[in-house]
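Encoded as structure tokens, the structure appears first; notes follow it.
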2 protein chains.
Amino acid sequence: MPQKTIICTVDVVLLCLRGSTLHVALWRRDRPPFEGSLALPGGYIHSEEDVDTLDAATRMLRAKTGLESPYLEQLGTFSGAGRDPRGWSISIAYYALVPVELIEADQAPGLILMPVDQLKGLPFDHKDIVLAAVQRLRNKSSYSSLPVHLCGERFTLPRLQAVYEAILGEPINKVSFRRKMDEFDMLEPVEGAFETGRANRPAQLYRLKAAYRQSLSVTPRAFLAGS
Amino acid sequence: MPQKTIICTVDVVLLCLRGSTLHVALWRRDRPPFEGSLALPGGYIHSEEDVDTLDAATRMLRAKTGLESPYLEQLGTFSGAGRDPRGWSISIAYYALVPVELIEADQAPGLILMPVDQLKGLPFDHKDIVLAAVQRLRNKSSYSSLPVHLCGERFTLPRLQAVYEAILGEPINKVSFRRKMDEFDMLEPVEGAFETGRANRPAQLYRLKAAYRQSLSVTPRAFLAGS
DNA sequence: CAAATAGTGTCTATAAGACATTATTGG
DNA sequence: CCAATAATGTCTTATAGACACTATTTG
């Protein structure tokens, strides 16, 4: 035996934007430790069935939320003797982005959305993990197309800009924003589809080009260079 | 028993610049599997003595290279059933940057430097891990002060620029480069110290300000915006 | 003094931001 | 027509890059 057994788990930080506030999806633990607490969806790696930890995270997400293929990326690994009362443990954390409608339009009965700025009482080091995910999201959003994954299948440019602004916490110049989206070249207008109903000019609906479903566009210059 | 035992290891990608070529430090394995092969320095997590995986990586680095506190950062976790013949395994990979002199001026007898573009025959998925580290280094170097950690304690600006150019693979405008270093505000001139000996104006020697030993300066605009 | 490279000044080109204008809807 | 917001044109400002010039050394 090369080592005392180390507890190997995977946790998923599932983020979405409700209104203009980032939320994380939590579920109520149904077994010890911390049974009954709200925590990140996660669990043991199943070495018999999981090909790797990404596969484990996908399985966990599917089991607990019904989601099939959201944007999903490895965040980092959290480890040590102190984070789990059962002993020395490792959690490989992933983060996922989904449009809030997919969670609210309840495929995922057990999930509870919590604003990421008001987390309290999370077990393990789950608060640290969530904060790391939010930091990653904010950072990547400043120079990439990542936030599109928080929008639904069709969305307008003003809506997408509002999503960026909610994540980054600052207004973005409209002209610059549109230039950047154009440069990213990842959106295509849905022919003849507009968002109507309000007393103003209708906004063109866009969708993500197929090639960008799992990849990102990046710019060498960040939004909000000043911050 | 919640799971079949998973093999938990830590591997370190120790990078340095020899001439203008990135090299990775490998050591010859002294036990199975792949005994005798050149591989990344790494090994089992020791849950009795390591506080966490960063601590394990530090221990490994100290044991195999004698290095005490190089720049060290978590790279990511590599996992799965196929990467280790002993079974389902996890490697939490870290990468470290050091001035090449620290390796050549042999504190580290067992280490062999290999150019990162000519890796072959590495066991496990160590080639993937090295390539991921190089990609991380290149990416971060394009907008941060990370490459200073490949220089020794004192260095000139032309030398630092050459380091950036070696990593990024393209020439950088001298004026822009110096403006950026000035903006980073992480260097201080060593009073009265110059690099002399060649038939030209001597170059001012600089050192990293103490506050930046473990942190980075970043710019919202990348070097080489065009690439 | 010639050759070499360090270090700086300055002009040009490019990209971001401010602001104004036009477009199109509902009421 | 008015209010509201989408979409775009255009001017201003900020940053990056090109290039030239000065500075300081060795031989």
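Each chain gets a letter, A, B and so on, in the order its sequence line appears, and its residues count up from 1. Note that the structure is predicted; figures quoted are calculated from it, not measured.
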Under 3.5 Å donor-acceptor pairs involving side-chain atoms of residues 120-133 of chain A, not counting sequence neighbours:
unit_1, atom_1, unit_2, atom_2, d
A/Asp125, OD1, A/Arg83, NE, 3.1
A/Asp125, OD1, A/Arg83, NH2, 2.9
A/Asp125, OD2, A/Arg83, NE, 2.8
A/His126, ND1, A/Leu40, N, 3.2

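- In this view, B/Arg18 and B/Glu104 satisfy the salt bridge (Lys or Arg N to Asp or Glu O under 4.0 Å) rule, not counting sequence neighbours.
- One finds no salt bridge joining A/Arg159 and A/Glu195 here, because no Lys/Arg side-chain nitrogen approaches an Asp/Glu carboxylate oxygen to under 4.0 Å.
- Under the 3.5 Å distance criterion, the side-chain polar atoms of A/Gln204 are matched with a main-chain donor or acceptor of A/Ala193.
- The interatomic distance linking B/Leu157 (CG) with C/dT5 (C1') rounds to 13 Å, in whole Å.
- No donor-acceptor pair closer than 3.5 Å links the side chain of A/Ser79 to the backbone N or O of A/Ser91.
- The distance between atom OH of A/Tyr164 and atom C1' of C/dA16, rounded to the nearest whole Å, is 16 Å.
- A donor-acceptor pair under 3.5 Å is formed between the side chain of A/Ser145 and the backbone N or O of A/Ser217.
- Per the geometry, CG belonging to B/Leu205 stands 12 Å off P belonging to C/dA6, to the nearest Å.
- A/Glu68 places no side-chain N or O within 3.5 Å of a backbone atom of A/Arg62 that could act as its donor or acceptor partner.
- Listed by chain and residue number, A/Lys209 satisfy the side-chain hydrogen bond (donor to acceptor under 3.5 Å, both in side chains) test with A/Asp185 (two or more places apart in sequence, or in another chain).
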Pairs under 3.5 Å (N/O, protein and nucleotides 19-21 of chain C):
none

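- Between B/Phe177 atom CZ and D/dA18 atom P the separation is 15 Å, expressed in whole Å.
- Between A/Phe223 atom CZ and C/dA16 atom P the separation is 9 Å, expressed in whole Å.
- Regarding B/Arg159, its CZ atom lies at a distance of 16 Å from the C1' atom of C/dT5, rounded to whole Å.
- Atom CD of A/Glu170 is separated from atom C1' of C/dG17 by 14 Å (rounded to the nearest Å).
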Test log, rule side-chain hydrogen bond (donor to acceptor under 3.5 Å, both in side chains), inputs A/Thr53 and A/Tyr94: CA-CA 9 Å; A/Thr53 55; A/Tyr94 286 77; 2.7 Å; yes

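- A donor-acceptor pair under 3.5 Å is absent between the side-chain atoms of B/Thr219 and the main chain of B/Ser144, judged by distance alone.
- Proximity of B/Leu111 to B/Leu14: side-chain heavy atoms (C-beta onward) are separated by under 4.5 Å at one or more points.
- Taking a 4.0 Å limit (strictly below) on heavy-atom distances, residues 178-189 of chain B reaches DNA chain C at B/Arg178.
- Residues of residues 192-204 of chain A having a heavy atom closer than 4.0 Å to DNA chain D, listed by number: A/Ala199, A/Asn200, A/Arg201, A/Pro202, A/Ala203, A/Gln204.
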